[in-house]
Amino acid sequence: MKKFIALVCAAVVGVSAFALDVTAGARGTFAWGLGTTLPAEDAEQMKTLKEATTSAGGTWSEGGNLGGGFGVYANLGLINLGNLTLGLQPEFSMIFNNGYTVDYALGGTSQSVVYTDNSIDIPVLVTLSLPVTNTFAMRFGVGPYLSIPLGLDLITTSGGTETRATDTDGLTIESSLNFGLAFDVNFTNKLGIGSLVANVRYMLDFTPTKATIKYNGTVVSDNEDLLTRRALTVGIGYEIKF
């Protein structure tokens, strides 16, 4: 992992030497699991449970978790296209508490099933920057990212009691790498020595995170599909041009 990050940093330094202009920034983000999906088997079980709960007069709600994170990036302007600048934007970011939650209640008993996912994400975006006024600009980006799961927990809450999966009886991350595609829009406005940046991004994992699942210490599945992430993130940050 350290070697990989070192290679990314070296590539950024090498490319920046030929860039027309370079900006570097940091931002904090809020994340919403918009479109995140459960594995087919879990989804089918939830569908059956939902039908039974609602037909018996119970309540049901489900949807992506709200989460957050932070990241740093460098935008390297490489080619001028009139008023537009085509560039490359490598990043390093982390997202916490991405996932999916199901809440239901029946006969005075309520329960939550919560999937939470944390990850390190390393996107490399192709960007197109457009100055709108002397102080305001827009930047569009699209590109692949490498995602490294940091851990996924399955939490069940019922009657005020919380049960969390552990390494000895629950979920152990099996896959070390996921890949996806990010679509990105930035709005920048000059402020002080740099610019205030508002960012909207949609992240689309290509593959589900996989896990080894244990019960009472015994492996019951060693290649289980877990969440497939679809996340909308909104970020606020600050960047400086060099």
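If you read the sequence from its start, that first residue is 1, and numbering goes on from there. Basis for what follows: all heavy atoms, side chains included, without hydrogens, waters or symmetry-related copies.
For the atom pair T53 OG1 and W60 CH2, the distance stands at 5.5 Å (nearest 0.5 Å). Interatomic distance, OH of Y73 versus OG of S93, reported as 12.0 Å (0.5 Å rounding). Here the OG1-CE distance, from T36 to M203, works out to 10.5 Å after rounding to the nearest 0.5 Å.
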_As a quick check of understanding, evaluate side chain to side chain donor-acceptor pair (under 3.5 Å) for Y145 and D205, giving each step before the final call._
CA-CA 9 Å; Y145 60 82; D205 277 13; 2.5 Å; yes
*asked:* Could you go through L125 and R139, starting from their C-alpha distance and side-chain angles, then the distance that decides it, and tell me whether this counts as side-chain contact (heavy atoms from CB on, under 4.5 Å)?
replied: CA-CA 11 Å; L125 308 180; R139 186 166 64 237; over 6 Å; no
*Evaluate side-chain contact (heavy atoms from CB on, under 4.5 Å) for D225 paired with K210, printing each intermediate quantity in order.*
CA-CA 5 Å; D225 287 349; K210 293 184 178 293; 2.3 Å; yes
*side-chain contact (heavy atoms from CB on, under 4.5 Å) between Q111 and T156: does it pass, once the steps are laid out?*
CA-CA 7 Å; Q111 185 162 322; T156 302; 3.3 Å; yes
*asked:* Test side-chain contact (heavy atoms from CB on, under 4.5 Å) on E91 and R27; report intermediate values, then the result.
replied: CA-CA 11 Å; E91 303 184 18; R27 61 172 169 254; 2.8 Å; yes
*Can N189 and S195 be said to form a side chain to side chain donor-acceptor pair (under 3.5 Å), step by step?*
CA-CA 5 Å; N189 196 75; S195 296; over 6 Å; no
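The shortest heavy-atom contact between I95 and A31 is CG2-CB, 4.0 Å. The shortest non-hydrogen separation linking Y238 to I193 is OH-N, 3.4 Å. Minimum heavy-atom separation, E62 to Y100: OE1-OH, 2.7 Å. Between T228 and P208, the shortest heavy-atom contact is OG1-CB, 3.2 Å. Contact detail for P131 and A137: the closest heavy-atom pair is CA-CB, 3.9 Å. Here the closest non-hydrogen pair linking F242 and A24 is CE1-CB, 3.6 Å.
Hydrophobic clustering (side-chain heavy atoms under 4.5 Å, transitive across Ile, Leu, Val, Met, Phe, Trp, Tyr) groups L88 together with L86. L84 is connected to L76 through a chain of hydrophobic side-chain contacts under 4.5 Å among Ile, Leu, Val, Met, Phe, Trp and Tyr, so both are in one cluster. Residues V126 and L78 share a single hydrophobic cluster, defined by chaining ILVMFWY side chains whose heavy atoms lie under 4.5 Å apart. A single hydrophobic cluster is not seen to contain both L226 and V114; linkage of ILVMFWY side chains at heavy-atom distances under 4.5 Å, directly or through other members, places them apart. A chain of hydrophobic side-chain contacts below 4.5 Å, direct or via other Ile, Leu, Val, Met, Phe, Trp or Tyr residues, connects F70 to I148.
The number of heavy-atom neighbours closer than 6.0 Å to CZ of F30, taken from other residues, nucleotides and ligands shown, is 12 or below.
With a 4.5 Å cut-off on side-chain heavy atoms, L146 and F179 count as touching. Contact check for V185 versus R201: no side-chain heavy atoms found under the 4.5 Å cut-off. Residues K50 and M46 are not in side-chain contact: their nearest non-hydrogen atoms beyond the backbone lie 4.5 Å or more apart. No side-chain heavy atom of L66 sits less than 4.5 Å from a side-chain heavy atom of N97. You'll find the side chain of Y104 stays beyond 4.5 Å of the side chain of T59, heavy atoms only.
Annotation: side chain to side chain contact (heavy atoms under 4.5 Å, CB included) contacts of T85 (sequence neighbours excluded): D21, N80, S129. Every side chain to side chain contact (heavy atoms under 4.5 Å, CB included) that L232 has, sequence neighbours left out, goes to W32, L34, V200, Y202.
No side-chain N or O of N65 forms a donor-acceptor pair with one of Y115 less than 3.5 Å apart. N98 and T116 share no side-chain donor-acceptor pair at under 3.5 Å. Remark: the D184 side chain and the N199 side chain contain an N/O donor-acceptor pair separated by less than 3.5 Å.
The only member of N75, N186, T23 that meets side-chain hydrogen bond (donor to acceptor under 3.5 Å, both in side chains) when paired with Q89 is N75. P149 pairs with exactly one of T209, L177, I120 by the side chain to side chain contact (heavy atoms under 4.5 Å, CB included) rule, that one being T209.
With salt bridges taken as basic N to acidic carboxylate O contacts below 4.0 Å, none links E239 and K190. The pair D121-R229 meets the salt-bridge criterion, with a side-chain N (NZ, NE, NH1 or NH2) lying under 4.0 Å from an Asp/Glu carboxylate O.
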